[in-house]
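First the structure, in the form of structure tokens, and then the observations on it.
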Amino acid sequence: MVRINFSVSTIPEEPSESQTCPTSLLEPLAKCSRVAVENRCVAITAVRITPDGEFGATDGKRLLLEQTTARFPWEENTLVRATDLYRVRLREFKDRATFDLGVRDDWACFDFGDCRFFTKQDIGHYPELHRVLPSDNQNRTRLTLDPKDAAFLKKHLNALPGRDNQHSPVTLLCDYDGTITVHGDTPRPAETKAILLVRSKYEGDAYVVQTNRKYLLDALAFGCRDFRFGSSYPLASTENTRFCWMPLDSCGALPLESECPRNPDVLLRSDEPSTKKD
């Protein structure tokens, strides 16, 4: 049996009580780990697990919360190390239904049968994730992406200019006339390019948000099609997922002092994938 221990101290005792978990629980663990590992702060390179089965993670710029149906016997939140091990085990566990998860003396133990993984984190220094989430009264605009529009945006977002810029910026514009477009960033007017989401709708204020396209792609990869914008962070969600992130400079209800992108030289319509001149 293999023991993996991230501490130089003595290998911890096995937990006196473990929870048998379905293998499917490794999926939200893997998703949260992918968010948490992309930061330079060891203190937050972790996944927080609550007794009522909510998994959460942040890298300081993004926050992901995954609500599961799991219920755990411990009374306090716990942290587990963010690692690619969960994704690897998920892939390897095709024919295995469960694994065991136990907690003892601030240590968490994953028992996969062929190996045990022990991890310990300082919960006292972990941020309170729910304080970051925008409240409902902060939301001024609600964007609902049509499934076909979401698939089209996910496919073509990296085709917009500015992908290789420092923050890979794109600008999402919910315009006064009801149109919803996503614009690339370029200093050359003749190379402007945008995506028109024909089937999608928004409610509330006309709005513009500039964001790192990677975060928008994350939201789409997590299955989010419900987006809320307001005075705080953009928030994307599904029934069990909430994902928010830090926008770039331009973010707010129209009109803004900064000029909004309009009339792109190339417009990609989600109902007509061919490239057209506007």
Does R96 count as lying over the ring of F93, i.e. NZ or CZ under 6.0 Å from the six-ring centre, within 45 degrees of the axis?
yes
Geometric class of the F72/F55 ring pair [parallel <30°, tilted 30-60°, perpendicular >60°]:
parallel
Is M246 reachable from L65 through a run of I, L, V, M, F, W or Y residues, each pair having side-chain heavy atoms under 4.5 Å apart?
yes
I'd like to know whether CG of D95 has more than 12 heavy-atom contacts from other residues, nucleotides or ligands below 6.0 angstrom.
no
Any donor-acceptor pair under 3.5 Å from S18 side chain to D100 backbone
no
Rounded to the nearest 0.5 angstrom, the CG-OG1 distance for N240 and T69 is 8.5 Å
Taking every non-hydrogen atom, the tightest pair across Y126 and T58:
OH-N, 3.8 Å
Establish whether V37 and L64 are linked, either directly or via other cluster members, by ILVMFWY side-chain heavy-atom contacts under 4.5 Å.
no
Would you find a donor on one side and an acceptor on the other, under 3.5 Å apart, between the side chain of D59 and the backbone of K61?
yes
Please report the closest heavy-atom contact between T192 and D265, naming both atoms and the distance.
OG1-N, 2.8 Å
Side chains of C115 and R89: closer than 4.5 Å at any heavy-atom pair?
yes
Under a 4.0 Å threshold between the charged nitrogen and the carboxylate oxygen, would K31 count as salt-bridged to D218?
no
So E38 and R62, side chain to side chain contact (heavy atoms under 4.5 Å, CB included) or not? Walk me through it.
CA-CA 10 Å; E38 296 185 17; R62 297 173 293 171; 3.1 Å; yes
Hphob cluster co-occupancy, W74 + L25, side-chain heavy atoms under 4.5 angstrom:
yes
How close do D149 and L197 get, heavy atom to heavy atom, and via which atoms?
OD2-C, 3.3 Å
Value for NZ (K148) from CG (L145), rounded to nearest 0.5 Å, stands at 15.0 Å
Looking only at heavy atoms, which two atoms of R213 and P169 are closest? And how far apart?
NH2-O, 3.1 Å
Any non-hydrogen side-chain atom of L268 less than 4.5 Å from a side-chain atom of F152?
yes
Tell me, do N77 and P51 make a side-chain contact under 4.5 Å, heavy atoms counted?
yes
Got a donor-acceptor contact below 3.5 angstrom from the T141 side chain to the D205 backbone?
yes
Could you measure the distance from the CG atom of L101 to the CZ atom of F99? Nearest 0.5 Å is fine.
6.0 Å
Any side-chain heavy atom of L172 within less than 4.5 Å of one from F227?
no
Would you say the side-chain atoms of D111 pair up with the backbone N or O of G113, donor to acceptor, closer than 3.5 Å?
yes
Does E27 CD have over 12 foreign heavy atoms under 6.0 Å away?
no
In the structure I gave you, are the side-chain heavy atoms of L133 and C244 within less than 4.5 Å of one another anywhere?
yes
What's the spacing between L157 CG and L217 CG if we round to 0.5 Å?
4.5 Å
Okay, side chain of T78, backbone of I49: is any donor-acceptor separation there less than 3.5 Å?
no
Would V208 and Q210 satisfy side chain to side chain contact (heavy atoms under 4.5 Å, CB included), going step by step from the backbone distance to the final call?
CA-CA 7 Å; V208 62; Q210 189 180 51; over 6 Å; no
Expected output: side-chain E66 to main-chain L29 donor-acceptor under 3.5 Å:
no
Please determine whether residues F243 and V182 belong to a single hydrophobic cluster, defined as Ile, Leu, Val, Met, Phe, Trp and Tyr linked transitively by side-chain heavy-atom distances below 4.5 Å.
yes
Say whether, by atom type as modelled, one donor and one acceptor occur between the side chain of Y207 and the main chain of R228 under 3.5 angstrom.
no
Enclosure of H125 NE2 (heavy-atom neighbours >12, cutoff 6.0 Å):
no
I want to check something: taking the side chain as every heavy atom from C-beta on, are P12 and R104 in contact at a cut-off of under 4.5 Å?
no
With no hydrogens and no angle check, is any side-chain donor or acceptor of T68 less than 3.5 Å from a backbone partner on G53?
yes
Is it true that R142 and D226 have a side-chain N and a carboxylate O under 4.0 angstrom from each other?
yes
From CG (L63) to CG (L235), nearest 0.5 Å:
9.0 Å
Within 6.0 angstrom of E76 CD, more than 12 heavy atoms from elsewhere
no
Around R163, counting heavy atoms of other residues, nucleotides and ligands shown, do more than 12 lie under 6.0 Å from its CZ?
no
Side-chain heavy atoms nearer than 4.5 Å, only ILVMFWY residues, links allowed to pass through others: does that put L220 and Y202 together?
yes
Closest heavy-atom pair, K193 versus L160, reported as atoms and distance to 0.1 Å, is O-CD2, 3.7 Å
Over all heavy atoms of both residues, which pair between P247 and V209 is shortest? Give the atoms and the distance, please.
CB-CG2, 4.0 Å
If we only count heavy atoms from C-beta on, is the T238 to Q67 side-chain gap below 4.5 Å?
no
Is it true that a side-chain atom of D105 and a backbone atom of W107 form a donor plus acceptor pair closer than 3.5 Å?
no
Evaluate the ring planes of F112 and F110, with Trp represented by its six-membered ring, and classify them as parallel (under 30°), tilted (30 to 60°) or perpendicular (over 60°).
parallel
Could you tell me whether the side chain of S200 and the main chain of D146 form a donor-acceptor pair under 3.5 Å?
yes
Can you find a pair of side-chain heavy atoms, one from E203 and one from K201, that are under 4.5 Å apart?
no
Atom CZ of R116 and atom SG of C109: how far apart are they, to the nearest 0.5 Å?
6.0 Å
Looking at R269 and D271, is there a salt bridge between them, counting it only when a charged N and a carboxylate O are closer than 4.0 Å?
yes
